[in-house]
Structure formats: C-alpha cells, structure tokens
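Report on one structure; see the data block that follows.
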Amino acid sequence: MDLGIRGKRALVCAGSKGLGLGCAEALAEAGVDLILNARGQDALDRAAEALRSRFGVDVQTVSADIATVEGQRKVLDVAGDVDILVNNAGGPPPGIWSDWAREDFQKALDANMLAPIAMMTAIMPKMIEKGWGRVVNITSQSVRAPIAQLGLSNSARAGLTGYVAGTARQVAPHGVIVNNILPGTHDTARATSLDKGRAQREGVDEAEARRRSQAEIPARRYGDPRDFGAVCAFLCSQQARFIVGQNILVDGGNTNLTM
Ligand code: NAD
C-alpha cells in the first residue's frame, strides 16, 4: 500500500533504538525524511547511517534528552515545521507504590507526559497552518490495564492520554490527526530490563523469566519493533485521516478487553 507520505518530514523522538527506531524505519520505507532524536550520539549515528543506506532518505540527528526543556528546544530548532511527530521517551523504573517520592513522579511526568505535550504544543500550530499533520504518541498497554509495578508509568501515561483525548478532537478539523499506540511487551532493551526484574522477583534466570512472560501473551511471543513501526507509519499515512484520538493496542492480545 502506498501510504502517500513520500517526501514528508518526520521527527521521531527517542528513535535510535527499540520502538522509536521501528517507527523511524517504517517511515523511512514510506519515503519520509527524518529528524532522529536520542540521548547518545553513537547509537544515533549508527541508526541514521543504516536508514540512509537502506531507504535513501535524508536523516538528521539531534542528541538531546527530550525529557528536559533544554533538550526539547534543541530538537525543535532542528525539526522546524515537520509534518509528522512521533513522541517517545524511555519508560520509568518499576517498583511498588511506597517507593516513589515527588521527584520520581516529576521525572516520569517530564518524560512521559510533559515532553510529548510540549512537542505537540510547539509543532502542531505549524501543522494547523499547513492544514496537514500526523502525531503518534508511544504510550503503553498499561493505559488500558494498569500494571501494578509500573505505577509511575501508569500515572504519567494516564495524564497524556487524557490530554490527547481532548486535543486530538480540537486539531482534527485542521487536518491534524493525533493518536496513541499502546505497546505490549516488545523485544527491546526495555523488555530485557523487565525480564531481569521478573527473574529477581521469582528467583529464576532471565531466560526462564522471558519464557514465562511470553507464555502469558496470547500470541506467545514478544512483539517485533518493525511490526510496531508499521502500525505507526499507517497512523501517519493519508489513509489514517478518519482515525482520531484513538488508543491502539499492539500487544499480541495481552490486554483482555472487548473494547
Ligand atoms: P528502549 O529502551 O529500547 O529504547 C529507548 C530509546 O529511547 C533509545 O533510543 C534511547 O536512547 C531513547 N531515549 C530514552 N530516553 C530518552 C530521553 N529522555 N530523551 C531522548 N531519548 C531517549 O525502549 P523501548 O522498548 O523502545 O520503549 C519505548 C517506550 O515504550 C518507553 O517509554 C517504554 O516504557 C514504552 N513501552 C515499551 C514496551 C516494550 O515492551 N518495549 C512496552 C510498553 C511500553
């Protein structure tokens, strides 16, 4: 399917690895030029070079912590008036309810709620002027079914989800389409760190922890970041123009819901 976005420009935040990179790859395959952000320049350079040589698109990199106001400014200076925005950042650490102090919530809110809101606030006015834009926020399956040990993530992502629910409907009349994708467990560094946590909690090795986690997912596997990226690219396509303010689960059936 031709997604109709060849020649558009996309900013992918936290995009040198994992789900962000999966999104960058799928957009590049659709002919989209990229501004790629992450914190470390080496991984960014590797990702950018691979994308340029595989897909022949233009890729600029910006190393910056997207959770900080300074980092957001740095990224926005390079991104300018992009057509597509993919919001992403690392997820907060697991724990239990009594572990977390105000500073821990502030960090989680900065990364997983306030950063995507700041990027939308800065970039969407130009999309509205042009009458076309696409925004995808990477959140988590925990938005639909909270995961107890990810209380910081549950809290911050609930805030972002509430914001998007209203905002997506306010910008849609101007051709700007905003949606969230809710990943279940995907095979990335984040999954490896969650496997480690489970191994410690259950007194087993990491391979056994991974096997147990995969066995609980109806698809019996972790997700592939490339498949996740394809969903993102579709939500950034011309064809997605009637999908507004949705929370799309990509979780191998893990979240047991009818709606
Ligand atoms: P990952 O750790 O594999 O990749 C994270 C990427 O983000 C890296 O490129 C890293 O450099 C970059 N990054 C992290 N924090 C950043 C920051 N503050 N500023 C700029 N770049 C930053 O993570 P992932 O598995 O791809 O997960 C992406 C998001 O999806 C996270 O918020 C995670 O919590 C969430 N999520 C992941 C899964 C999963 O199974 N992988 C499941 C549910 C939710």
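All values reported here derive from a predicted model rather than from experimental measurement. For ligands, and for the atoms within them, numbers begin at 1 and follow the listed sequence. Only this structure's heavy atoms are used, side chains among them; waters, hydrogens and symmetry mates stay out.
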Quiz item: Which residue and non-hydrogen atom of the protein lie closest to atom 26 (O) of ligand 1, and at what distance in Å?
Solution: Leu19 N, 2.7 Å

Practice problem: Provide, to 0.1 Å, the distance between atom 39 (C) of ligand 1 and the closest protein heavy atom, together with that atom's residue and name. | Solution: His186 N, 3.5 Å

Self-check item: Identity and distance of the protein heavy atom lying nearest atom 9 (O) of ligand 1
Solution: Ser16 OG, 2.8 Å

Self-check item: Side-chain donor-acceptor contact under 3.5 Å, Thr68 with Glu70
Solution: no

Exercise. Could you list which atoms of ligand 1 come closer than 4.0 Å to a heavy atom of Thr139?
Key: 35 (C), 44 (C)

Quiz item: Taking atom CZ of Arg144 and atom CE of Met259, what is their separation to the nearest 0.5 Å?
Solution: 9.0 Å

Quiz prompt | Where ligand 1 meets Thr185 - atom numbers and elements under 4.0 angstrom, heavy-atom basis | solution = 40 (O)

Self-check item: Subset of ligand 1 atoms that lie under 4.0 Å from at least one heavy atom of Asn37
Solution: 20 (C)

Quiz item: Side-chain donor-acceptor pair under 3.5 Å between Arg198 and Ser213, yes or no?
Solution: yes

Exercise. Consider every N or O of Gly20 and every N or O of ligand 1, then say whether any pair is closer than 3.5 Å.
Key: no

Exercise. Answer yes if Phe228 and Leu36 sit in the same cluster of Ile, Leu, Val, Met, Phe, Trp and Tyr residues linked by side chain heavy atoms under 4.5 Å apart, and no otherwise.
Key: yes

Quiz item: With only distance considered, is Ile66 within less than 3.5 Å of ligand 1 through an N or O on each side?
Solution: yes

Exercise. Compute the minimum heavy-atom distance from Arg157 to ligand 1 and say whether it is under 4.0 Å.
Key: yes

Exercise. For Asp65, take its heavy atoms, then give the atoms of ligand 1 lying under 4.0 Å from any of them.
Key: 17 (C), 18 (N), 19 (N)

Quiz prompt | Minimum-distance protein heavy atom relative to atom 28 (C) of ligand 1 | solution = Asn88 OD1, 3.3 Å

Exercise. Drop me the distance from Leu152's CG to Ser142's OG, to the nearest 0.5 angstrom.
Key: 11.0 Å

Quiz prompt | Ser237 side-chain N/O to Phe234 backbone N/O, donor-acceptor pair under 3.5 Å | solution = yes

Quiz item: For the side chain of Gln238 and the backbone of Gly4, is there at least one donor-acceptor N/O pair under 3.5 Å apart?
Solution: yes

Practice problem: Indicate yes or no for a side-chain donor-acceptor contact from Asp187 to the backbone of Gly223 under 3.5 Å, with no hydrogens or angles considered. | Solution: no

Quiz item: Looking at OG1 of Thr139 and CG of Asn154, how far apart are the two atoms once the value is rounded to the nearest 0.5 Å?
Solution: 11.0 Å

Quiz item: Among protein heavy atoms, which lies nearest atom 16 (C) of ligand 1, and at what distance?
Solution: Arg39 NE, 3.5 Å

Quiz item: Taking side chain as C-beta onward, heavy atoms only, is Val135 less than 4.5 Å from Ile123?
Solution: no

Exercise. May I ask whether Ala111 places a heavy atom under 4.0 Å from ligand 1?
Key: no

Quiz item: Going by atom types alone, do Asp195 and Tyr222 pair a side-chain donor with an acceptor below 3.5 Å?
Solution: yes

Exercise. Provide, to 0.1 Å, the distance between atom 22 (C) of ligand 1 and the closest protein heavy atom, together with that atom's residue and name.
Key: Ala14 CB, 3.6 Å

Quiz item: If you round to the nearest 0.5 Å, how far is CG of Asn254 from CG of Asn256?
Solution: 9.0 Å

Practice problem: Check whether any heavy atom of Gln141 sits under 4.0 Å from an atom of ligand 1. | Solution: no

Exercise. Please could you name the atoms of ligand 1 that Ile138 approaches to less than 4.0 Å, counting only its heavy atoms?
Key: 30 (O)

Quiz item: Against heavy atoms of Ala64, which atoms of ligand 1 measure under 4.0 Å?
Solution: 19 (N), 20 (C)

Quiz prompt | Pair Ile181-Leu19, side-chain contact (heavy atoms from CB on, under 4.5 Å): steps then yes or no | solution = CA-CA 11 Å; Ile181 312 183; Leu19 301 181; over 6 Å; no

Self-check item: With Val176, the side-chain contact (heavy atoms from CB on, under 4.5 Å) member among Lys130, Lys126, Met127, Arg134
Solution: Met127

Practice problem: Check whether any protein heavy atom sits under 4.0 Å from atom 5 (C) of ligand 1. | Solution: no

Practice problem: Looking only at distances, please establish whether an N/O atom of ligand 1 is found under 3.5 Å from an N/O atom of Ala89. | Solution: yes

Quiz item: For atom 11 (O) of ligand 1, which protein heavy atom lies nearest, and how many Å away is it?
Solution: Ala38 CB, 3.7 Å

Exercise. Show which atoms of ligand 1 fall inside a sub-4.0 Å distance from at least one heavy-atom site of Gly18.
Key: 3 (O), 26 (O)

Quiz item: atom 42 (C) of ligand 1: which protein heavy atom is closest, and how many Å away?
Solution: Gly184 O, 3.3 Å

Quiz item: Under 4.0 Å from any heavy atom of Ser140, which atoms of ligand 1 are there?
Solution: 43 (C), 44 (C)

